[in-house]
Amino acid sequence: MNRVQHGDWRTRSLWTECNPYEPMGHLRGSEIADIVIVGAGFTGLWSAIQLKEADPAIDVVVCEAKVAGYGASGRNGGFAMTMVGRSLADLVRKVGPGRARATHLAMRDTLKEIEKFCIAEGINAAISAPGLLTVSNAPEQDARIASDLRAAERLGLDDFHPQSAAQCQQLVASTRLRCGHFEDDALLVDPAALCWGLRDAARRRGVRIYEQTPVDALVETGSGRVEARTAFGTVLADRALVATNAYAHSIKPLRRFIFTVYAYIVVTEPLSDTQWSRVGWEKRMGIEDKRVMPHFHRPTPDGRILWGGRDAPIAPGGPNPRRDRSRYVFRRLEESFRWTFPQLCDVAIDRGWGGPVCGTLNCFSSVGFLGPSERICYALGYAGHGVGQSHLAAKVVRDLLLDANSELLELPIARKPPIPLPPEPLRSWVLTGSQRLLQRDDDGARTALSRLALRILE
Ligand SMILES: Cc1cc2nc3c(=O)[nH]c(=O)nc-3n(C[C@H](O)[C@H](O)[C@H](O)COP(=O)(O)OP(=O)(O)OC[C@H]3O[C@@H](n4cnc5c(N)ncnc54)[C@H](O)[C@@H]3O)c2cc1C
């Protein structure tokens, strides 16, 4: 495994800047454990907690290259949503109505469990459950809203409510909104506070967590165990979990299935009461639009508007801290913010940041084993929706690593590697080319090729 290149972890996002945090020390010498987890984002920490909840005697060690939440988990928009795949309609299309319904209901349970866990553990992650408004602001997006609503009806779900333009605009004052749907089950969180709260919850359960400890290699030993090798010592375990998401780019057998895109966010300065009154937004729910590469917006606990998404450039070489900021994307985000809310022309953009997202060709996450020995498990590929999905993935990890027989193992994310990507140079050409086409299509520059790319996708 390559070492993560370190940037200053504190300045990775508004969330990491504003929450207090004391990193743990690094590994010293050699240790033995039942399970070693590489990576302390949501996936690694939820998995450690799930394993301990299932069997308190199990000995779990987590090694994190930088600090917990250094990756996407400390930088995201904080939307915990039910979405698996590109949308509900996409999920039905890809796995059929029965499995789509089971997946959606599993995600609903998972969101409830996240909220309940945080309350029980006293994790102050500014969690709210205001629902999710998904909106259209262009004709082709109207059709996507309609197909989600048809999918919800087909699955007999009672948590998607159609919204007319007037209803959308009553929820948030933007004349750009043409129609939408409102989903009851969605949380908003402060992601760094959640991640850091999970670290402490894991420690309280006896998980040993070493930060500033990059794992250089995970090696299966002759004695049927796995050794995590670091510059400070080794952890010898029966089984391992790779919970490095986009950073798994450095692991060849996983790189075949995944690619890295960067997602970006800008935040405004805090709004005054008068400025808030110009947008309404009394429910303070999260909002996402129906571009192929969507925008997402939400109020922050300190009264700003967070505005993310739009461009999602491919990073062919995997995560690289040099990509953590992009003036070009920040400018485009500001442009769409001003287009949506012209009444907030006196509100300044305060700052922006970005981070690596792990994509798969069909936008499905995947939890499985690397190789037939079933010693090394992996969970990754949430395609920008890992705040909720990582909790479900962690339950699948638990059942795989504890050899449990559970219904969760029948979900489409379990034990099925994502679709492989073509080898280089075709890989970069296909990914970068299609991403550019779809982005231009989202911006209204439609071509025969972009239509074709969309038809394949949708
Ligand atoms: C800007 C942005 C906005 C987003 N918004 C949302 C959103 O609103 N809702 C949503 O659901 N999802 C969102 N996402 C995606 C979401 O954040 C991720 O899907 C999720 O955090 C992935 O969690 P993870 O634990 O799998 O990976 P990560 O959080 O990336 O954690 C991986 C960890 O592994 C560590 N690591 C890497 N290599 C090594 C090594 N060799 N040894 C030890 N440790 C290592 C890294 O330092 C890192 O801490 C967003 C992502 C970004 C970047």
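Start at 1 with the first residue, then count along the sequence. Indexing begins at 1, ligand by ligand and atom by atom, following the structure's order.
Residue-level proximity to ligand 1 for Phe42 is carried by backbone and side chain together, each with a heavy atom below 4.0 angstrom. If you look at Ser250 next to ligand 1, there are no close heavy atoms at all, none under 4.0 Å. At a heavy-atom distance under 4.0 Å, no atom of Ala68 approaches ligand 1. Using a 4.0 Å cut-off between heavy atoms, Phe79 contacts ligand 1 through both its backbone and its side chain. Contacts between Ser390 and ligand 1, counted as non-hydrogen atom pairs separated by less than 4.0 Å, are absent for every part of the residue.
The 12-atom threshold is exceeded at CG of Asp350, counting heavy atoms of other residues, nucleotides or ligands nearer than 6.0 Å.
Under the 4.0 Å criterion applied to side-chain N and carboxylate O atoms, Arg93 and Asp90 are assigned as salt-bridge partners. Salt-bridge check for Glu335 with Arg310: passed, with a basic side-chain N closer than 4.0 Å to an acidic carboxylate O. In summary, Asp324 and Arg12 engage in a salt bridge, as defined by a charged side-chain N under 4.0 Å from a carboxylate O. Salt bridge Lys66/Glu211: absent, no basic N to carboxylate O contact under 4.0 Å. A salt bridge between Arg398 and Glu53 is absent, with no side-chain N of the basic residue lying under 4.0 Å from a carboxylate O of the acidic one. Under the 4.0 Å criterion applied to side-chain N and carboxylate O atoms, Arg229 and Asp216 are not assigned as salt-bridge partners. Salt bridge Arg304/Asp302: present, at least one basic N to carboxylate O contact under 4.0 Å. With respect to Asp443 and Arg332, a salt bridge is recorded, a charged nitrogen being found less than 4.0 Å from a carboxylate O.
For Arg75, the closest heavy-atom approach to ligand 1 falls below 4.0 Å. Distances shorter than 4.0 angstrom occur between a heavy atom of Gly384 and an atom of ligand 1. Contact analysis puts Val357 in contact with ligand 1, with a non-hydrogen atom separation below 4.0 angstrom. The shell of residues lying under 4.0 angstrom from ligand 1, judged by heavy atoms, includes Gly78.
Less than 4.0 angstrom separates some heavy atom of Tyr70 from each of these atoms of ligand 1: 47 (O), 49 (O). Near Val387, the atoms of ligand 1 lying under 4.0 angstrom from a non-hydrogen atom of the residue are 9 (N), 10 (C), 11 (O), 12 (N). Proximity to Cys63 (heavy-atom distance under 4.0 Å) selects the following atoms of ligand 1: 43 (C), 44 (N). Of all atoms in ligand 1, numbered sequentially from 1 with element shown, those under 4.0 Å from a heavy atom of Gly355 are 53 (C). Here is the list of ligand 1 atoms found below 4.0 Å of a heavy atom in Gly77: 3 (C), 4 (C), 5 (N), 6 (C), 7 (C), 8 (O). Heavy-atom proximity to Val38, at under 4.0 Å, picks out these atoms of ligand 1: 40 (C), 42 (N), 43 (C). Listed by atom number, the atoms of ligand 1 under 4.0 Å from Gly41 heavy atoms are 25 (O), 29 (O), 31 (O).
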Pair Gln141-Asp289, side-chain hydrogen bond (donor to acceptor under 3.5 Å, both in side chains): steps then yes or no: CA-CA 8 Å; Gln141 297 180 35; Asp289 68 19; 5.0 Å; no
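A centroid separation of less than 6.0 Å is found between the aromatic rings of His104 and Phe160. When ring centroids are compared, Phe341 and Trp307 come within the 6.0 Å threshold.
Using a 30° and 60° split on the angle between ring planes, Trp9 and Tyr21 fall in the perpendicular class, above 60°.
Note: no N/O pair closer than 3.5 Å links Pro214 and ligand 1 by distance alone. Considering backbone and side-chain atoms alike, Tyr247 places every N or O at 3.5 Å or more from each N or O of ligand 1. When only interatomic distances are considered, the shortest N/O to N/O separation between Ala65 and ligand 1 falls below 3.5 Å. An N or O contact shorter than 3.5 Å is missing between Met81 and ligand 1 by distance. Between Ala80 and ligand 1, no pair of N/O atoms sits closer than 3.5 Å. Of the polar atoms of Gly388, none of the N or O atoms is found under 3.5 Å from an N or O of ligand 1, judged by distance alone. Any N or O atom pair closer than 3.5 Å counts here, and Thr244 shares no such pair with ligand 1. Any N or O atom pair closer than 3.5 Å counts here, and Tyr382 shares no such pair with ligand 1.
Considering each of Ala40, Gly71, Gly354, Ala263, the one bringing a non-hydrogen atom nearest atom 1 (C) of ligand 1 is Ala263. In this comparison of Ala383, Gly39, Gly381, the heavy atom closest to atom 34 (O) of ligand 1 sits on Gly39.
Atoms CG and CZ, on Leu132 and Phe296 in that order, are 12.0 Å from each other to the nearest 0.5 Å.
With Tyr70 as the aromatic partner, Arg75 meets the cation-pi criteria of under 6.0 angstrom to the ring centre and within 45 degrees of the ring axis.
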